[in-house]
Amino acid sequence: MTTQHERDEAEIRRHIHKLVEGLQSKDLDGLGRLYATDIVSFDVQPPLQHVGIEAKLKNWAPVFTSFETVTYEVRDLTLTVGDDVAFGHAFARLGGTLKDGTAVSGMWVRVTYCLRKIDGTWLIAHDQVSVPLDILSGTGVVDLEP
């Protein structure tokens, strides 16, 4: 018999899988159902933060207009789950084929997800995406592999 904790963790893993599917199918509306309306996102592209669901979806829109096909991979997802709050970390890579036919393998980034259970549904309330920084040069290190 599974515990509530095990059911919640499985549901969150399905939720992150839906995120992958939504990106690969370029389904902006579907992605919108995965985030809390007041999400705060610290992504790799400016500005420093995106606040609210509209800002988060606006952040994904250029990916869908630039890419003909999108690939997205999440690797090594580790979760810590409480009753109504959870967090996790993983590596992720966005790639695909651009509209001009150029294949893009993407770069591995570090991602942190913070979720809240709102009205019985797990939603991403915060995410942060980053690349390691070479302190001396001030540039991101984008050629690392997990």
Side-chain angles (χ1 to χ4, degrees), residues 5-118 121-146:
H5 179 271
E6 291 168 327
R7 288 190 297 274
D8 284 338
E9 181 170 339
E11 179 59 30
I12 291 168
R13 288 186 182 280
R14 284 190 296 274
H15 196 84
I16 300 302
H17 184 71
K18 288 178 191 173
L19 176 70
V20 171
E21 290 177 335
L23 291 169
Q24 292 182 158
S25 64
K26 302 196 293 187
D27 180 5
L28 208 54
D29 291 333
L31 288 175
R33 292 188 289 276
L34 303 175
Y35 296 103
T37 57
D38 60 347
I39 182 170
V40 175
S41 179
F42 298 163
D43 213 331
V44 291
Q45 67 268 29
L48 286 174
Q49 68 177 358
H50 306 271
V51 179
I53 189 67
E54 288 181 28
K56 181 62 183 178
L57 296 179
K58 184 178 177 185
N59 193 37
W60 279 122
V63 171
F64 298 161
T65 58
S66 300
F67 282 82
E68 185 66 33
T69 61
V70 175
T71 59
Y72 193 76
E73 181 180 355
V74 174
R75 184 184 288 181
D76 301 334
L77 177 62
T78 302
L79 296 170
T80 300
V81 180
D83 292 338
D84 58 0
V85 180
F87 67 89
H89 55 84
F91 299 107
R93 177 169 58 180
L94 172 74
T97 304
L98 298 174
K99 297 276 182 161
D100 69 4
T102 303
V104 177
S105 62
M107 64 180 178
W108 286 102
V109 296
R110 304 170 297 194
V111 61
T112 301
Y113 302 106
C114 301
L115 299 97
R116 290 191 334 246
K117 190 184 259 188
I118 300 172
T121 301
W122 288 101
L123 297 172
I124 301 169
H126 174 70
D127 63 7
Q128 178 165 343
V129 179
S130 65
V131 296
L133 177 71
D134 179 306
I135 300 289
L136 295 178
S137 69
T139 59
V141 181
V142 298
D143 59 350
L144 299 176
E145 301 257 345

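Heavy atoms only: backbone and side chains are in, while hydrogens, waters and symmetry mates are out.
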Phe87, CZ atom: more than 12 neighbouring heavy atoms under 6.0 Å: no
Would Phe42 and Thr112 satisfy side chain to side chain contact (heavy atoms under 4.5 Å, CB included), going step by step from the backbone distance to the final call? CA-CA 10 Å; Phe42 298 163; Thr112 301; over 6 Å; no
Nearest heavy atoms of Ala90 and Leu77, plus distance in Å: CB-CA, 3.8 Å
To the nearest 0.5 Å, what is the distance between OH (Tyr72) and CZ (Arg93)? 11.5 Å
Using 0.5 Å steps for rounding, measure from the CZ atom of Arg14 to the CH2 atom of Trp122. 12.5 Å
Quick test of your reading of the model: are Glu11 and Arg7 salt-bridged, counting only N-O distances below 4.0 Å? no
For a 4.5 angstrom cut-off between non-hydrogen side-chain atoms, does Arg110 reach Phe91? yes
If we only count heavy atoms from C-beta on, is the Leu57 to Leu31 side-chain gap below 4.5 Å? yes
State the CZ-CG distance between Arg33 and Leu19, to the nearest 0.5 angstrom. 13.0 Å
If you take all heavy atoms of Val51 and Ala55, which pair is closest and at what distance? O-CB, 3.3 Å
Sequence neighbours excluded - side-chain hydrogen bond (donor to acceptor under 3.5 Å, both in side chains) pairs with any residue from residues 45-61: Tyr35-Trp60, Ser41-Lys56, Asp43-Asn59, Gln45-Asn59, Lys56-Asp127
So, for Ile118 and Ala36, which heavy atoms are closest and what is the spacing to 0.1 Å? CD1-CB, 4.1 Å
Of all heavy-atom pairs linking Lys99 and Phe67, the shortest is CE-O, 3.6 Å
Strictly distance-based, threshold 3.5 Å: is any side-chain N or O of Glu145 a donor or acceptor partner for the main-chain N or O of Trp108? no
Rounded to the nearest 0.5 Å, what separates atom OG1 in Thr102 from atom CD in Glu68? 12.0 Å
For a quick test of reading the model, state the closest non-hydrogen atom pair linking Ile53 to Gly32 and the distance between them. CD1-O, 3.7 Å
What verdict does the side chain to side chain contact (heavy atoms under 4.5 Å, CB included) test give for Leu133 and Val131, after you've listed the backbone C-alpha separation in whole Å, the side-chain angles of each residue and the deciding distance to 0.1 Å? CA-CA 6 Å; Leu133 177 71; Val131 296; over 6 Å; no
Answer with yes or no whether the side chains of Glu21 and His17 bring together a donor and an acceptor at under 3.5 Å. yes
If I take atom OG1 from residue Thr121 and atom CG from residue Leu115, how far apart are they, to the nearest 0.5 angstrom? 11.5 Å
With rounding to the nearest 0.5 Å, note down the distance linking CD1 in Ile12 to NZ in Lys117. 8.0 Å
Name the one of Asp83, Asp38, Asp84 that satisfies salt bridge (charged side-chain N to carboxylate O under 4.0 Å, His left out) with Arg116? Asp38
Looking at Gly30, is its backbone amide N or carbonyl O close enough to the side chain of Lys18 to form a donor-acceptor pair, meaning the two atoms are under 3.5 Å apart? no
Side chain to side chain contact (heavy atoms under 4.5 Å, CB included) evaluation trace for Ile124 with Ile39: CA-CA 7 Å; Ile124 301 169; Ile39 182 170; 4.0 Å; yes
With sequence neighbours left out, what residues match Thr78 under side-chain contact (heavy atoms from CB on, under 4.5 Å)? His89
Are Val63 and Leu23 close enough that some pair of their side-chain heavy atoms sits under 4.5 Å apart? no
